[in-house]
Structures are given as structure tokens and as C-alpha cells.
Amino acid sequence: MAFREEVRAWLEENCPPSMRTPMPEEEQVWGGRRAEWRNPDSKIWMERAAAKGFTAPLWPQNYGGAGLTKEEAKILAQEMARIRARPPLLSFGIWMLGPVLLEFGNEAQKKEHLPKIAKGEIRWCQGYSEPGAGSDLAGLQTKAEDKGDHYLVNGQKIWTSYADKADWIFCLVRTDKSKKHDGISFLLIDMDDKGVETKPIRLISGASPFCETFFANVRVPKENLVHDLHKGWTVAKRLLQYERNAISDFRGDIITSGGGAMEDVAKDYCGEEKGAVADGAMRDAVSAHKMESHAFGLTLRRVQEEAKAGGPTAATSILKYFGAEHNKRRFELLLEMMGMEALGWEGQSFSDSQLATARNWLRSKGNSIEGGTSEIQLNVIAKRVLGLPD
Amino acid sequence: MAFLLSEEHGLLRETAAQFFQDHMPVSHLRALRDAGEGEAFDGNLWKKMAELGFAGMMIPEDYGGTGFGALGMGLVFEEAGRRLSPSPLFATSCVSAEAVNHAGSEAQKKAHLPKIAAGERIFAPAFDEGARHAPYAVSCEARRGRGGFTLRGRKRFAPDGGAADWLIVSARTSGEKDDKRGITLFLFPSDARGVERVSLSMADSRGMADIQLEDVALGEDSVLGELDRGGEILSRVLDVSRIALASEMLGAARELFERILAHMKERRQFDQPIGSFQALKHRAAEMFCQIELGHSVVWDGLSALEEGRDDVAQMASLAKARMSEALRHITNEAVQLHGGMGMTDELDMGLFMKRARVQAQLYGDGRFHRARYARLGGF
Ligand SMILES: Cc1cc2nc3c(=O)[nH]c(=O)nc-3n(C[C@H](O)[C@H](O)[C@H](O)COP(=O)(O)OP(=O)(O)OC[C@H]3O[C@@H](n4cnc5c(N)ncnc54)[C@H](O)[C@@H]3O)c2cc1C
């Protein structure tokens with residue numbers, strides 16, 4: 001109880017009012033050397049939260065975190081949600097790299113990288129996929145050769161989200177050609193190093209959030225190897241778990257915050273009759289969709305409860321898959337309801353939210369590809385949870 | 001929320017699982033069906049269930065019940081659902097016990113609840129009048145006369161209607177057909193003068209009957225709850241019953257899915273287990289998702305009841321709709337994935353499928369509950 005009051009008071013004092021409003025995409029805070037601040041309050045908010053360790057609540061204090069227990073972190077999240085506080089910092093470093101550094105990194109690596117992540121000073125991107133290695137990630141070819149005091153890295157990554165805005169990249173590289181999984185290592189690379197280059201890729205939504213990333217004779221100090229040589233696959237897999245959890249948590253937030261609007265959109269676009277959506281078929285579809293959100297939200301909560309009690313968590317395996325597909329269905333339904341007005345591309349004839357619907361609809365298609373495709377998720381459920389044979 | 005079972009509940013679940021497995025496996029339903037005529041359940045086994053406390057799950061201890069609470073009830077239904085166990089558990093100990101306990105006078109509770117808990121009295125709720133669930137579409141009328149009421153009309157598809165000693169009937173005392181207001185519940189013996197019951201032979205081999213009421217004369221004391229307010233009682237009673245049905249369906253879904261997986265691992269074609277074919281793996285994983293979501297909604301529905309939350313109605317519709325759809329899908333897949341064997345009566349897949357459709361129709365299918373969920377949600 002005391003902790004809740006403490007957090008509440010702190011938030012009251014430190015979270016600027018403009019940070020308690022819905023966050024337009026261009027005001028998202030990702031930190032880094034090249035951070036842009038559309039809204040000066042977001043800088044203040046990030047710095048204050050970081051000073052308390054609240055950007056990485058579960059990390060130990062000496063690495064820039066707040067050293068909270070899971071219970072306390074939950075209270076913090078609840079209190080932030082209560083005042084609709086924006087997340088002070090979005091970060092692949094916090095969601096993905098940090099947790100594996102805590103587990104696999106050496107002391108020097110933790111001391112060097114974690115505080116900079118938590119403070120939003122360094123922005124990270126993920127160098128996993130390659131043109132020839134997507135779902136079959138372990139087929140990657142980007143190589144790192146041992147040159148005595150450093151590794152020499154050559155190759156190409158692709159679909160590297162925000163590579164053009166990131167400062168560092170965590171990379172899977174091949175250190176042994178004779179073995180597949182056991183010839184991969186996990187390297188941290190400064191993108192300011194000579195030989196690293198990025199080229200944005202334009203997506204169907206018109207945005208260019210990800211890039212091709214090229215490495216030409218990049219010299220990477222040996223101390224940037226995480227875990228043992230050739231043991232990168234272990235780190236890589238663990239990081240993917242964190243990534244999928246982050247994706248489904250994120251989805252959970254979207255569902256609880258944005259899900260309520262579906263019926264209003266339906267009424268606006270399909271008419272209203274005595275308080276009900278006039279089009280009966282549409283009403284049925286919206287109700288089915290909201291039921292699915294409700295059921296998925298409850299499943300997220302159940303998984304958290306079960307995990308906390310150390311109980312069975314087989315349901316965890318469905319979150320990434322189901323959340324992605326659910327979100328895609330959500331946008332298809334929005335399109336059906338809004339008709340042509342969801343298909344405007346730009347200009348004054350469409351409202352901001354209509355234009356955003358079109359873009360977000362297209363963006364949602366990536367949900368079932370990023371972080372492991374839906375098909376791969378189903379394979380994993382079938383194999384690991386259901387025990388079906390190869 | 002009660003997503004984690006207490007030790008006590010864990011034990012209850014084990015007891016129930018053991019009981020239904022030992023005494024009422026699917027072969028029990030099959031045997032009853034093949035014997036043809038007669039009651040659709042075994043009276044002696046019902047007595048045994050009563051001894052274990054299952055008959056009085058929803059009845060407070062003061063009236064001879066075991067008061068397991070909603071979660072306890074759900075667990076028992078889940079296990080019964082796994083074995084397709086036929087018994088008065090639903091019609092008597094869930095629907096009717098809840099109606100009497102929720103709306104009955106002290107005298108009615110004293111008269112009936114201990115009998116129900118002891119497994120000595122069978123009840124049939126007779127609410128619907130058509131083929132599709134519509135609780136307020138009541139045209140069966142109860143006219144007020146001297147010293148009581150005269151009931152006239154026809155109720156349809158009353159679960160355990162043929163076997164019941166007593167009936168709970170919804171009838172109109174005022175208002176128009178489809179009005180929630182103006183419905184009154186009546187509680188009376190099934191052998192009252194003017195009651196004619198026609199047992200229905202249903203696909204799922206469980207008991208159901210149509211009930212013709214020809215000027216059935218009833219005293220004031222047969223009114224259950226307040227006059228004209230039966231609609232409100234009904235929504236409460238139906239919601240409890242819907243969540244119980246959803247629990248039963250969850251049990252059936254789990255059982256079927258386990259059987260499907262076992263078959264996929266064992267059956268070989270093209271020199272490999274059919275479970276190695278990716279098209280089938282993905283279908284299995286899809287079913288797993290449906291079951292996991294079903295688990296979440298059913299258990300949260302039970303928690304809503306247990307904690308007396310104000311979203312019981314939403315939860316009942318959510319659970320009933322989702323489980324009805326999920327079980328339809330899984331029963332269809334169960335037949336398909338067993339191939340020709342799936343079509344045979346020898347395998348149990350058909351029994352699960354037939355039961356699933358009756359479960360879905362009973363007290364509202366997916367469509368019904370999506371419409372209701374929308375209404376409750378203000379759209
Ligand atoms: C929005 C977005 C952001 C991303 N961000 C990053 C990033 O920051 N860093 C990074 O490294 N990568 C990133 N990715 C890449 C992503 O991880 C890959 O796209 C993904 O792993 C799939 O690989 P692929 O594109 O090569 O498709 P492929 O592997 O070629 O897959 C093509 C199709 O084949 C199917 N398929 C493949 N193998 C199987 C199988 N065994 N069984 C059944 N079906 C199969 C797939 O499911 C898919 O439908 C991002 C992707 C997207 C869409």
C-alpha cells in the first residue's frame with residue numbers, strides 16, 4: 001500500500017500533463033543519440049522516469065533500473081495506466097537486449113550498456129534476419145572472423161527495424177561455417193563504426209521503418225561478444241521469447257485501450273437504431289470481435305497469474321500468434337465498417353483518424369510476420385506444447 | 001479472479017474426474033441410449049452423485065447442500081462434460097436449485113432444496129416455447145382466478161421434462177409476448193391435473209420433453225418469486241446455467257482434443273504419423289488456441305458468479321457464445337481427423353458432436369449471445 005501511494009505521489013508530481021494524453025505516433029520516444037523531441041515535455045518525462053529507474057522497473061538499480069519486485073512493477077504499471085501516462089521510453093534495448101544481457105552478459109557489458117539503455121541514451125536495433133535467412137534464421141551468413149584482437153564482420157541484414165535511427169545493433173553472426181546452430185555468435189556493434197551502412201525500405205503503408213543493413217570489413221572489439229563463442233543461438237532464442245512477450249503485452253495494451261471504440265465506429269459508419277448498430281450483420285461481427293478481445297485479454301491475465309504462481313503456462317505459446325491474427329482481424333473489420341473512407345491515402349478530404357486507419361491496417365499485416373511468422377508460431381505450438389511428431 | 005485452483009478445489013476436481021470416469025464414462029451414455037425407452041439417466045448413480053455432494057453444489061449448507069460455490073460447480077460440470085455423463089445435474093441441481101434458492105420463499109426452499117441435495121427429487125425447468133431460445137417470448141398464460149392461477153399453453157424442449165417430479169414453468173401474467181416484464185415463474189408437481197408431457201427423442205440421447213398445460217389449476221403458493229418479475233429471476237438463473245453449460249462444453253472440448261492428439265500421434269499413413277503433416281498440426285494448434293481462450297472465459301465467468309460481480313450477464317454470454325462456437329469447430333474437426341472411423345457410431349466422436357449441438361442451442365447459441373453481449377455493451 002505504501003508503495004502505491006509513493007508511486008502515485010511521484011507520478012502526480014513528475015508526469016507532465018501533456019504526457020497524460022493519447023500519444024500520436026510522431027511523439028513516441030525511442031531515445032538515442034539522434035532522438036528528436038516533437039514535444040519538449042516528452043524529454044522531461046523520459047529523463048525524470050529514467051532518473052527513478054522507472055524506464056526499466058525490474059532491472060537492478062546499479063544498472064539503471066528501479067530494482068522493483070514484479071508486484072511493485074505491476075503497481076507502477078497500474079498507477080501509470082490510471083492517469084493514462086504515456087510510456088516514457090520505448091526501446092528494443094529494454095524489451096529485448098537488456099533482459100538477455102542481464103542473463104548472459106558479463107559484468108563489464110552490463111555496466112557499459114544497461115544504464116545507457118535505461119536512460120534512453122543509446123538506441124538499439126535488432127540484426128537477425130538476412131535476405132536468405134528469415135523463418136530459418138539459423139541459416140544466416142553474415143560472418144565474423146577472428147582477427148586476434150577483434151572480429152571482422154562482413155555481410156548483410158534485412159528488415160532491421162529503425163536501423164537508420166539506431167546507435168547500436170545486436171547481431172547474430174556466423175563464426176563457424178561447419179555447423180548450423182552451433183556456429184552462431186551474438187555480437188554488439190556500434191553503428192557509427194566504419195563499414196556499417198543502412199538503406200531504408202519503403203513498406204506497403206508508405207512508411208520506411210526498416211532497413212537493409214550492410215557490414216563491410218567492420219572491426220568489432222572482442223569484448224563485444226555476448227556469452228561464449230558459437231553459443232549465440234542460445235542467447236538469440238531467449239531474446240526472441242522476450243520479443244514475443246513484448247509484442248503480446250503491447251497488443252494487450254492496444255486491446256484494452258483502443259478496443260472499446262469498435263462499436264462507436266460501427267454506429268458512426270453503419271448507422272444507429274435505438275442505441276444499437278443498425279446493420280445486424282455488422283453488429284454481430286463487432287460483437288464477435290469484442291468477445292474475442294475480451295477472451296484474449298482474460299487469457300493474458302490468466303497467463304500472468306499462472307506465471308506468477310509458477311504454474312502451467314502453456315497458454316503463453318498462443319499469445320503471439322493469436323494477438324497478431326486478432327489485430328489483423330480488427331483492422332479488416334474497421335475497413336468493412338468504414339468503407340471507402342478507410343481507404344483514403346492522403347489529403348484534406350479524409351480525417352486524420354481515417355488516414356491513420358488505412359496506414360495502420362497495412363502495418364498490422366506485419367504482425368503475423370515480425371518476431372516469427374504465424375505459421376512458425378503454429379509449428380512451435382504443435383511441436384513443443386502438443387508434442388506432435390516431426 | 002480465480003484462475004488458480006485452491007487445494008480444496010483441486011481435490012474436488014479429482015473426485016469428480018474419478019467418479020465420472022469410473023461410473024459414467026461415455027460408454028454409460030451409449031448403454032442408456034441403446035437400451036432405448038426409459039429415463040435418460042441412471043437413478044442409482046444420481047443417488048451416488050448426491051452422496052458426493054454434487055446434487056447440492058448450488059445449495060447452501062443450511063438447506064442440506066454442499067455449497068461448493070460457482071467454481072466448484074464449474075469443475076464438476078467440466079468433468080461431467082468430458083464423459084458426456086447424463087444426469088439431473090444440470091436441470092435439477094443447477095437450473096432449478098438456483099431458481100428456488102434465488103427466488104423461492106423460505107417455505108419453498110425448505111420444501112425443495114434438501115430434497116434436491118439428497119437426490120430425491122427431479123426438476124425440469126420449462127422456459128422455452130420455440131425451437132430457438134427466447135426466454136421472454138412467453139405466451140403460455142397464467143390467468144388469475146379465485147385462490148390461484150390457471151395455466152394454459154405449451155412449453156417446449158424442457159430438459160429432463162419426462163423424468164421430472166416437479167416443474168418450474170414460466171408463464172405470462174401480464175404484458176405482451178416478448179416483454180420481460182409480466183412473466184411469472186410457477187413451481188408445481190409434474191403430475192398436476194392438466195399437465196401432459198411428451199418425451200422427445202433427441203440426437204444427444206438426453207432427456208427432453210414438450211409440456212402441454214391444459215388449464216392447470218395452481219394455488220398462490222406455487223408462485224416462485226415475485227409476480228410479474230419472473231423475467232428478472234430468469235436472467236439470473238439462465239446466466240448461472242449458461243456458465244455451467246459453458247463449463248460442461250469446455251470439458252467436452254478438452255476431452256475431444258486429447259483424443260484427437262492421441263489419434264494424430266498414433267494413426268499412420270504414408271509411412272508416418274498423420275500428426276506429422278503440417279496442415280493437420282496447424283489445425284491442432286488452432287483448436288488449442290480456442291480451448292485456451294475458452295478456459296479463460298469460462299473460469300472468469302465462474303469467478304464473476306463467485307465474487308458476485310456486476311458483469312455476470314456479459315460473462316455468461318461471452319462464455320456461452322465462445323464455447324458453443326469452439327465446440328462446434330472441435331467436434332467437426334474430431335470427425336474429420338478420424339477419417340472414416342470418425343463417421344462410425346463405434347467411435348465416440350458422433351456422441352460428442354450431437355451433444356455439442358444441443359448444448360449450443362440450450363439457453364442461447366453463439367448468435368443469440370453475441371446479440372445479447374452487444375445489447376449489454378450498449379451497441
Ligand atoms: C514489421 C516487421 C519488422 C521486423 N523487424 C525486424 C528487425 O528489427 N530485425 C530483424 O532481424 N528482423 C525483423 N523482421 C523480419 C522478420 O523477423 C522476418 O520477416 C520473419 O522472420 C520472416 O522471415 P522472412 O521474411 O524471410 O519470410 P520467410 O521465412 O521466407 O517466410 C515466407 C512464408 O513462408 C512461411 N514459412 C517459412 N517457413 C515455414 C515453415 N517451416 N512452415 C510453414 N510455413 C513456413 C512463413 O510463415 C511465411 O508465410 C521484421 C519483419 C517485419 C514484418
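Every chain is numbered from 1, with letters handed out A, B, ... down the list of sequences. Everything numeric in this text was worked out from a predicted model, so none of it was measured.
- Of the inter-residue distances, the one linking A:I75 atom CD1 with A:T69 atom OG1 reads 7.0 Å to the nearest 0.5 angstrom.
- Taking A:V286, A:D390, A:I381, A:T299 one by one and counting their heavy-atom pairs under 4.5 Å with chain B, the maximum is reached by A:T299.
- Comparing B:E286, B:Q272, B:R375, B:M264 by how many heavy-atom pairs each has under 4.5 Å with chain A, the most go to B:E286.
- By the neighbour-count criterion of 12 heavy atoms within 6.0 Å, atom CZ of B:R236 is densely surrounded, having more than that number from other residues, nucleotides or ligands.
- Neither the backbone nor the side chain of A:V380 comes within contact range of chain B, judged by heavy atoms closer than 4.5 Å.
- Of the possible donor and acceptor atoms, none in the side chain of B:H295 sits under 3.5 Å from a partner among the backbone N and O of B:I291.
- Contact count versus chain A (heavy atoms, under 4.5 Å) is highest, among B:E325, B:Q314, B:E292, for B:E292.
- Of the two parts of B:F277, neither the backbone nor the side chain holds a non-hydrogen atom closer than 4.5 Å to a non-hydrogen atom of chain A.
- Proximity of a side-chain donor or acceptor of A:S287 to a complementary backbone N or O of A:R283 within less than 3.5 Å is not detected.
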Kindly determine whether A:N379 and B:H282 satisfy side chain to side chain donor-acceptor pair (under 3.5 Å), including the steps that lead there. CA-CA 7 Å; A:N379 288 350; B:H282 284 194; 2.6 Å; yes

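- Neither the backbone nor the side chain of B:M287 comes within contact range of chain A, judged by heavy atoms closer than 4.5 Å.
- With hydrogens and angles ignored, the 3.5 Å screen pairs a side-chain donor or acceptor of A:Q354 with a backbone N or O of A:S351.
- Interface summary for chain B: among A:G280, A:A288, A:A309, A:A266, the most heavy-atom pairs under 4.5 angstrom belong to A:A288.
- Neither the backbone nor the side chain of A:E273 comes within less than 4.5 Å of any heavy atom of chain B.
- Note on B:D365 versus B:R367: no salt bridge recorded, every NZ/NE/NH1/NH2 to OD/OE distance being 4.0 Å or above.
- Ranked by heavy-atom pairs under 4.5 Å with chain A, the list B:A321, B:A319, B:C289 is led by B:C289.
- Looking at B:Q290, the atoms closer than 4.5 Å to chain A (heavy atoms on both sides) all sit in the side chain, from C-beta outward.
- In this structure, chain B has heavy atoms under 4.5 Å from both the backbone and the side chain of A:E292.
- In this structure, B:H369 contributes its side chain and B:Y363 its backbone to a donor-acceptor pair below 3.5 Å.
- For a residue to count as touching a neighbouring chain, one of its non-hydrogen atoms must lie under 4.5 Å from one of that chain's; by this rule A:S317 touches chain B with the side chain only.
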